[in-house]
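Counting starts at 1 for both ligands and their atoms, in listed order. Numbers here are sequence positions counted from 1. Just so it is clear, the model here is predicted, and its values are computed rather than measured.
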Amino acid sequence: MEVGRRLMLIGGQWVEGSDGEFIPVENPGRKGTIAGEIPRAKAADVDRAVLSAFRAFEAWRKVSPRDRGKLMISIGEAVEAKGNEIGRIIALETGNAIRTQSRPEAMLSADIFRYFGGVATEIKGETIPLGENLLSYSRREPIGVVGGIVPWNSPVLLAALKISMSITAGNTLVLKPSAEAPLAVLAMAQICSEFLPPGTLNVVTGTGTECGIPLARHPFVRKLSFTGSREIGRTIMEAAAERIVPVTLELGGKSPQIVFPDADEQQVVDGVFLAMRFTRQGQSCTAGSRLFLHESIYDSFLKKLIKKLKNLKIGDPLDESTDMGAIINRTQFEKVYSYVEDGIRQKGAVLLTGGLPPGEGPLAQGYFMEPTVIGNVGNEWRIAREEIFGPVLVAIPWKGEEEAIRMANESHYGLAAFIWTHDIGKALRTAHQIESGWVQVNQGGGIVPGQSYGGFKQSGFGREYSLEGMLESYTQRKSITVNLQF
Ligand code: NAD
């Protein structure tokens, strides 16, 4: 499968970059083969896209929220109808397995459009009781042109979020997908463009330096919304600071999972496995990649987990029977391995399963890696502190509850956390002490539209995914006070 050459969306037209250059997108399931090609946008293209979004804003802001919402619902329906096709493109370009990841991602994206379409009329203000002779009320107004930048790990879902939140709130958008995974985003944008007025949604494709930076720095961009790494998040924040525009940052994580002694059972093993996103090769910002196991269950729990991991089917992302696909590209593949090498070199470390890459056989044809668990890890080691963004779980034993909570919080990240115990009082006490934007108790699933989502600490700030998140992040409040005695 190959999707061929795709164009980008500017002002309702499908166009090449002004230099006529293209970037190949690699298929990570088969090293050296190409999934498709995208225009290599540079500053001049970004400028064109921002200006077209700027012009479209004047009319779009005046469309009633109800009508904007109706369009979002129609887009959601159309995305769902093409969900299988979009899922296949995601699998091809990201290496994420079609059954466990890519198709569900496309379907969830349809739900995201429908959710924001449904809550569109909640973009409303208040009246404020300032006195008999004063009428004071507030309005939620759109901000203007939004610059949205997304990563490659859930490209369509994150693009769907940026599109639906910005545009439902009355803004117009210039979206930059990752050059590693732009093809399915373009396929979804094609659907959106059939419903939205030209210029409302623009998609520019290219590298971070050539296309992302000019977007972040463009003087007509009035709001930045970035999902990606902590390092690039800092650059985006600097660009926002320069022009004093609001910014939302959804960054990385190194999320803890705390398993209490009463939770040594198969359903918890299944939940820990899900929370670690092994079937997305651990390439999830919320991956519960630090497993804090009570010492009394440490061995027996790991034994069950490893048995489960050994049964996973790794391979062709487009094969319906595959559980776990490939890592996105060579750079990331080598980075993940360098962490594994570093981890197992540490004194006392035990490689419990997985490890170094298969040198031959079908798995050597793509960036495949076995799920890896390293035991007896010190919480201060690099593999326990830095975001690996690969299928590498570190297991750390603990004795006392306070020690577990302290170790869980010893991180500059604070995106997600998972707590496993039948004692609900203990679970909630722990949840309240954890420094993370999202704590799950006895489950390890993904976010559902309607839940405000975002990080504590260096995992970022601002909330997305919910009505409240859309109102806070994509509208600005205006107060109007009227003297009734005039
Ligand atoms: P990345 O930060 O390298 O890239 C993200 C996007 O920024 C890409 O589109 C890239 O082209 C662009 N970019 C790169 N350099 C840029 C620059 N100087 N200026 C402007 N744009 C630039 O991240 P990635 O490797 O694509 O994705 C993985 C990271 O994303 C991980 O850290 C992961 O935790 C994070 N992530 C966070 C969330 C969340 O919701 N918190 C969700 C998914 C992924």
Check your understanding: Just wondering, are more than 12 heavy atoms of other shown residues or ligands nearer than 6.0 Å to CE in M237?
Key -> no
Is the NZ or CZ atom of K308 positioned over F273's six-membered ring, under 6.0 angstrom from the centre and within 45° of the axis? yes
**Prompt:** Taking it one step at a time, do Q283 and I327 satisfy side chain to side chain contact (heavy atoms under 4.5 Å, CB included)?
**Reply:** CA-CA 8 Å; Q283 299 172 143; I327 292 190; 3.5 Å; yes
Go through the steps for S452 and R463 under the test side-chain hydrogen bond (donor to acceptor under 3.5 Å, both in side chains), then give the verdict. CA-CA 6 Å; S452 286; R463 294 292 178 267; over 6 Å; no
Just the distances, no angles: every ligand 1 N or O to protein N or O pair closer than 3.5 Å, one line each.
{"residue": "ligand 1", "atom": "2 (O)", "partner": "S229", "partner atom": "N", "Å": "2.8"}
{"residue": "ligand 1", "atom": "2 (O)", "partner": "S229", "partner atom": "OG", "Å": "2.6"}
{"residue": "ligand 1", "atom": "9 (O)", "partner": "V150", "partner atom": "O", "Å": "2.8"}
{"residue": "ligand 1", "atom": "9 (O)", "partner": "K176", "partner atom": "NZ", "Å": "3.2"}
{"residue": "ligand 1", "atom": "11 (O)", "partner": "K176", "partner atom": "NZ", "Å": "2.9"}
{"residue": "ligand 1", "atom": "25 (O)", "partner": "W152", "partner atom": "NE1", "Å": "3.0"}
{"residue": "ligand 1", "atom": "26 (O)", "partner": "W152", "partner atom": "NE1", "Å": "3.2"}
{"residue": "ligand 1", "atom": "30 (O)", "partner": "G228", "partner atom": "O", "Å": "3.4"}
{"residue": "ligand 1", "atom": "32 (O)", "partner": "E387", "partner atom": "OE1", "Å": "2.6"}
{"residue": "ligand 1", "atom": "34 (O)", "partner": "E387", "partner atom": "OE1", "Å": "3.4"}
{"residue": "ligand 1", "atom": "34 (O)", "partner": "E387", "partner atom": "OE2", "Å": "2.6"}
{"residue": "ligand 1", "atom": "40 (O)", "partner": "Y453", "partner atom": "OH", "Å": "3.4"}
{"residue": "ligand 1", "atom": "41 (N)", "partner": "L251", "partner atom": "N", "Å": "3.4"}
{"residue": "ligand 1", "atom": "41 (N)", "partner": "L251", "partner atom": "O", "Å": "2.7"}

(request) Taking the six-membered ring of Y474 (Phe, Tyr or Trp), confirm whether the NZ or CZ of K223 is under 6.0 Å from its centre and within 45° of its axis. (result) yes
V392 and M369 have their tightest heavy-atom pair at CG2-CE, 3.8 Å
